[in-house]
Amino acid sequence: MTTALIASIEALLVDLPTIRAHKLAMTTLHQQTLVIVRVRCSDGTEGLGEATSIGGLSYGDQSPEGTKLAIDTYLTPALLGRDAGNINAAMAVAAKVAQGHSYAKSAIECALFDALGHRLGQPVHTLLGGAARSSLPVLWTLASGDSARDIDEARAMIEARRHKVFKLKIGFGDPDANIAHVARIKQALGDEVRITVDVNQAWDEALATRCIARLEAAGVDLVEQPTPRRQRAALARLAARFDVPIMADESVNDAQDALELAQAAAADVYALKISKAGGLLATLRAAAVADAAGIALYGGTMLEGSVGSIASAHAFAACPQLRWGTELFGPLLLKDDVVVERPLYRDFELHLPATPGLGVALDPDKLAFYRRDRRRTAVAAAHPAPAEE
Ligand SMILES: O=C(O)C[C@H]1C=CC(=O)O1
Ligand SMILES: [Mn+2]
C-alpha cells in the first residue's frame, strides 16, 4: 500500500436547532454548534471528525470558533503532507504545535481514523482493537424543567423502547425544589427505572452533602459532578461519605486526570468523552487507567451530532468495561443533522455501524444549508452593503 498523505483539513461551523430547550446548570440550549472536520488524503480517501462544545464557552473552556481557529491556523499547516495513516505520528505533531485544544485534536484524529478505515475497508472500532460490544445502552436526559412533562417524556421513551435510564439536570435554581422534582420522577417511574442526576459543578461541598443524602434517600442511582471540577478533595470526601456512586465529568479529561483522581479516591465512576480526552486513543488510555484503578466507566457526550456520537461509540465499544453505559443521545436532541443517515437507536441501545471507517457520510445539501459561513454569504448577497462613496 502506498503512503497516503494529508492533502487538506477543513473545519466547518454548523449550527443545528434542538428539538426542545435543553436546560443545564450553566445555560439553556436551543441549538448546538458542531465543528465538522473533513480530512482529504492524497489517495482520494476522506475522513470526518467532530468537535462540539456545549453552549459555546459556558460548559468548558474550548469554543467552536476557537477550535476552528486552532485547526485552520496551527494544526493544519503542521499536518499537511504528513502520512495520513500514521495517526500516532500525526498526533505527536499536533501535541507539539498546540497546547490544549483537545476538541480540535480529537476531531482531527477521528477524521484520520475514518480515512484509514476507508483505505483498509475496516470499521474504526476494528482499528481500535475490536468492539467488545456491538451496541451501547443510551440514557436520555429529561431537562424540560417540569416534573409532569418529564414523567410523560420518560414513559413515552420506555414505551418506544428507546431509553430506560434517565438523567436529570439539577444544578440550576433552588436545590430543594430540584430534589423534590427528582423524587417525584423516581417515584412515578418506579424501582425498575434507573435515575441519575447531573449537578454540573453547581454546589459547594456543604450543600452537596445535604442534598446528596436526600437524593440517596429518594433512590437516585448515580450523582454526577456535584462540586466544582478542580475541587478534587471535596469530590473525594463526598465519594467516601455516600453509598450512591459519585461520577466525575468536568473533573476528568484524560489519562492524567484519571490517574490523579484515582490517587485521590475522588470518584467511583468516570464520564469519558473523546473531545475532553483529545481523541479516541486518548479515551482508551484514560479507560485503561480507570480499569487499573477499579473505577467504573460511562460513555459521556458533548451533545455531539451524528459524526461525533458515532465516533464516541466506536471508542466506547472498544473499552473492555463500560459499566454505566452511555449518554450518546446527542443526535436525538437535534432537529436535523448534516449526515445522510442518522445513527440507529433500537431496543434502548445505539447500534454501531459495521461499515468501513466511522460508517457516517455527510449530506452535502444539509451541510450547505446549515454551515454558518454559507448562510452568512447568502444573507450578505441578499442584503449587500451600500457601496462606498
Ligand atoms: O454531561 C453533561 O454535563 C453535558 C451533557 C450530557 C448530557 C446532557 O444532557 O448534557
Ligand atoms: Mn455531566
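None of the values given here were measured: they were computed from a predicted structure. Keep in mind that the numbers below use all heavy atoms, side chains included, and drop hydrogens, waters and symmetry copies. Counting starts at 1 for both ligands and their atoms, in listed order.
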Check whether any N, O or S atom of Glu250 sits under 2.8 Å from the Mn ion (ligand 2).
-> no
For [X] and ligand 1, answer yes if some heavy atom of the residue is under 4.0 Å from a ligand atom, otherwise no.
{"X": "His22", "value": "yes"}
{"X": "Lys167", "value": "yes"}
{"X": "Lys273", "value": "yes"}

Please find the N/O/S atom of Asp249 nearest to the Mn ion (ligand 2) and write down its name.
-> OD2
Quick test of your reading of the model: are [X] and [Y] salt-bridged, counting only N-O distances below 4.0 Å?
{"X": "Asp337", "Y": "Lys366", "result": "no"}
{"X": "Glu65", "Y": "Arg372", "result": "yes"}
{"X": "Lys276", "Y": "Asp249", "result": "yes"}
{"X": "Arg133", "Y": "Glu349", "result": "no"}
{"X": "Lys68", "Y": "Asp373", "result": "no"}
{"X": "Arg371", "Y": "Asp15", "result": "no"}
{"X": "Arg210", "Y": "Glu205", "result": "no"}

Answer with side chain, backbone, both or neither: which part of Lys23 has a heavy atom less than 4.0 angstrom from an atom of ligand 1?
-> neither
Only residue of Asp114, Leu116, Ile108 satisfying side chain to side chain contact (heavy atoms under 4.5 Å, CB included) with Leu112 is Ile108
Taking the minimum heavy-atom distance to atom 10 (O) of ligand 1, which of Gln225, Met26, Lys169 ranks first?
-> Lys169
Identify, by atom number and element, the atoms of ligand 1 in contact range of [X], meaning under 4.0 Å from any of its heavy atoms.
{"X": "Asn200", "result": "2 (C), 3 (O)"}
{"X": "Ile54", "result": "4 (C), 5 (C)"}
{"X": "Asp198", "result": "1 (O), 2 (C), 3 (O)"}
{"X": "Glu327", "result": "1 (O), 6 (C), 7 (C)"}
{"X": "Glu224", "result": "1 (O)"}
{"X": "Tyr59", "result": "2 (C), 3 (O), 4 (C)"}
{"X": "Thr141", "result": "7 (C), 8 (C), 9 (O)"}
{"X": "Phe329", "result": "7 (C), 8 (C), 9 (O)"}

Can you tell if the side chain of Ile9 reaches within under 4.5 Å of the side chain of Ile71, non-hydrogen atoms only?
-> yes
For Glu250 and ligand 1, does the shortest N/O to N/O distance drop below 3.5 Å?
-> no
State whether the shortest distance between N or O atoms of Thr301 and N or O atoms of ligand 1 falls below 3.5 angstrom.
-> no
Trp140 ring center near Phe329 ring center (under 6.0 Å) = yes
OE2 (Glu224) to the Mn ion (ligand 2) to OD2 (Asp198), nearest 10°, is 90°
Expected output: side-chain Arg149 to main-chain Ala143 donor-acceptor under 3.5 Å | no
